[in-house]
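Below you'll find the structure, written out as C-alpha cells, and then a few comments.
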Amino acid sequence: MTTTLENAAARELSAKAQISRGHDQVNSSDLFARALKVSPGGVHSPVRAFKSVGGQPMFFKSAQGAHLVSVEGRSYIDFCQSFGPLLLGHRDPEVTEVVRETLDLAWTFGACEPYSLELAEWIVDRVPHVEKLRFVSSGTEAVMSALRVARAATGRSRVLKFDGCYHGHVDSLLMKAGSGLADGQAATDSAGVSPQLAQETLIAPLDDLDRVAEILRAQASNLAAVIIEPLPANYGLLIQRREFLKGLESLCRELGILLIFDEVISGFRVARGGMAELLDVRPDLVTYGKVIGGGFPVGAYGGRADLMDLVAPSGPVYQAGTLSANPVGMRAGLATLKKAESLGIWSALAERTSGWIKRLNPALQERGWQIDHFGSIFWLRGRSDQPIRRLSQLPAGHAEKFRGVFHAAIERGVYLAPSGFEVGFVGWAHTPEILDEASRALVDAVNR
Ligand SMILES: *Cc1c(COP(=O)(O)O)cnc(C)c1O
C-alpha cells in the first residue's frame, strides 16, 4: 500500500519535473493566456501585468545575481530586483547557503525559536529608534499593525498621509486627495474600501511644511499619527528636503501626534538605520519589509518600547501571524544584513550608483531623459532642471514616453520595473561592468 502510494508520488513528481523542464519550450504569451483563466488579470500583484507599459508580461524561470532568465531562455540585467528586497541580488551565495542550511532545520514552528531573536537583537542593538519590534509577513501588515498601535496609544482615530506616498494595500491608506484637499480630506482610491474610512484619513502634499502645519494644528486632537515614506519611492522617487522631515518631526512632537516612518522600501536599503539615521529624525514607530527578509516574505514594525508594549500579549492591541518570523526568512534576512554591514555595502552601493549615473546622465539628457537617485534607488524620468518632490511636478506624458523606453530596453537586454512610476534598484550583484553594459543598452534605448 505504502509502496503504491510512494510510487504514485514519485510518478507525479517526475511528471512535474518534466513540465518544468518543458518550460524551455513554452513562451510567455502562452503562459499569460493560461494565467488569465485562473487569476485576475493573470497576475498576483497588479504591476506585473504590464498594463502601464502595454504588451504581454514576460515570464521568468530563474535568476542569479543581477540577471533574470525568461522562460524563453533569454537573460536580462534586472533593475526591478523584485521591487526592492534583493539588496545583494538574486540568490547571493552566502544567503543561499544559509537558506539551504535552514531548510534542513525547520520550515516553520509556530513556536519560539532562536532565529527571530537573533534578527531582532541585531536590529535593536543597531537602530536606536527601534527599542522593540514584532515580525510580520509583509510591508502591508507592518503598516496596518503600526497604525493600530498608534490609535491605541493616542485614543484617536485619524491618520495623516501624503499625496505621492504608498503604504501597501491597507484599507484606510488606499486614499487619494479628495476634492476638498483644502482641509486635507481624503477619498477612497480603490473599490471595496468603506467610504467611512476616508474620514479617518487626511492627505497633505509633500514638500509643503506650511500646509502640513495648518492641517495638523486644525486636526491635532483627532490625529493618532502622521505616516510618511521618508524617501517616497513608490510614485517615482520624490526626494524630500531634510528640513521638511525635520519640520514634520518637531510638529508631531509639539502636537502630541505620533510620527511613523514607513521604511519598507528605504529601510536597510539606503543605510543600516534607514532614512531615520541619515536624516537624524527619531520616528515613534517604523515599518520595514523588503530587504529585511532578504527576498523572503518578512515585514516588521517597531519603535518606542512603551508603544510596542501595547501589542498582545503584553498589551491590548491584538496582532498575530501563523507564519510570522518563519526561520527561512529570518535567517535569510540576517545573513543579508550581516553581509551588508561587514562589507560596508550601504555606502559602497550608494557610491557605485552615483558614479554610474554621473557617467550615464549626460547621454540620457541629450535625449530628454535623466536618472535621479538616492543611494542605490534610482528613477528614470523626463529631463527637467528642477528636482521633483511632488508628483504634480512631473513633466507631462511621462507614462506614455516611458513605454517606448521600457520595451526598447527589454530588446537590448535590460529589464526595468514595468511602470514609469516604479523605481529601479542597484544591488551588490550589479558590478561596475554590468552597470556599464546596462548604460550602453539604456542610451541605445533612448536613442532608438
Ligand atoms: C512595498 C511597500 C509597502 C508594502 O509592502 P508589501 O510587502 O508589498 O505589502 C508598504 N510601504 C512601502 C513604503 C513600500 O515600499
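Counting convention: from 1, in listed order, for ligands and their atoms alike. Being a predicted model, the structure only gives us computed values, none of them experimental.
Considering backbone and side-chain N/O of G139, one or more are found under 3.5 Å from N/O of ligand 1.
Using a 4.0 Å cut-off between heavy atoms, N234 contacts ligand 1 through its side chain alone, with no backbone atom that close. Contact annotation for K290 and ligand 1: only side-chain heavy atoms (C-beta onward) come within less than 4.0 Å of the ligand. When non-hydrogen atoms are compared, ligand 1 lies under 4.0 Å from the backbone of H167 (N, CA, C, O) but not from its side chain.
Aromatic ring orientation, W356 versus F79: parallel (interplanar angle below 30°, classes split at 30° and 60°). Between F268 and Y288, the ring planes lie tilted relative to each other; the angle falls in the 30° to 60° range.
S266 and E263 share a donor-acceptor pair across their side chains, judged by distance under 3.5 Å alone. Using modelled atom types and a 3.5 Å distance limit, the side chains of T201 and R158 yield no donor-acceptor pair.
Within the listing of ligand 1, atoms 15 (O) sit less than 4.0 angstrom from a heavy atom of I265. Taking every heavy atom of E229 and a limit of under 4.0 angstrom, the matching atoms of ligand 1 come to 13 (C). Atom numbering of ligand 1 starts at 1 in the shown order; those under 4.0 Å from a heavy atom of S138 are 7 (O), 9 (O). Listed by atom number, the atoms of ligand 1 under 4.0 Å from D262 heavy atoms are 10 (C), 11 (N), 12 (C), 13 (C).
In this structure, atom 9 (O) of ligand 1 lies nearest to the protein heavy atom T140 OG1, 2.6 Å. For atom 3 (C) of ligand 1, the closest heavy atom belonging to the protein is V264 CG1, 3.7 Å.
The existence of a salt bridge linking R241 and D207 is confirmed by a sub-4.0 Å separation between a basic side-chain nitrogen and an acidic carboxylate oxygen. Salt bridge D262/K161: absent, no basic N to carboxylate O contact under 4.0 Å.
The shortest side-chain heavy-atom distance between L442 and V446 does not fall under the 4.5 Å cut-off.
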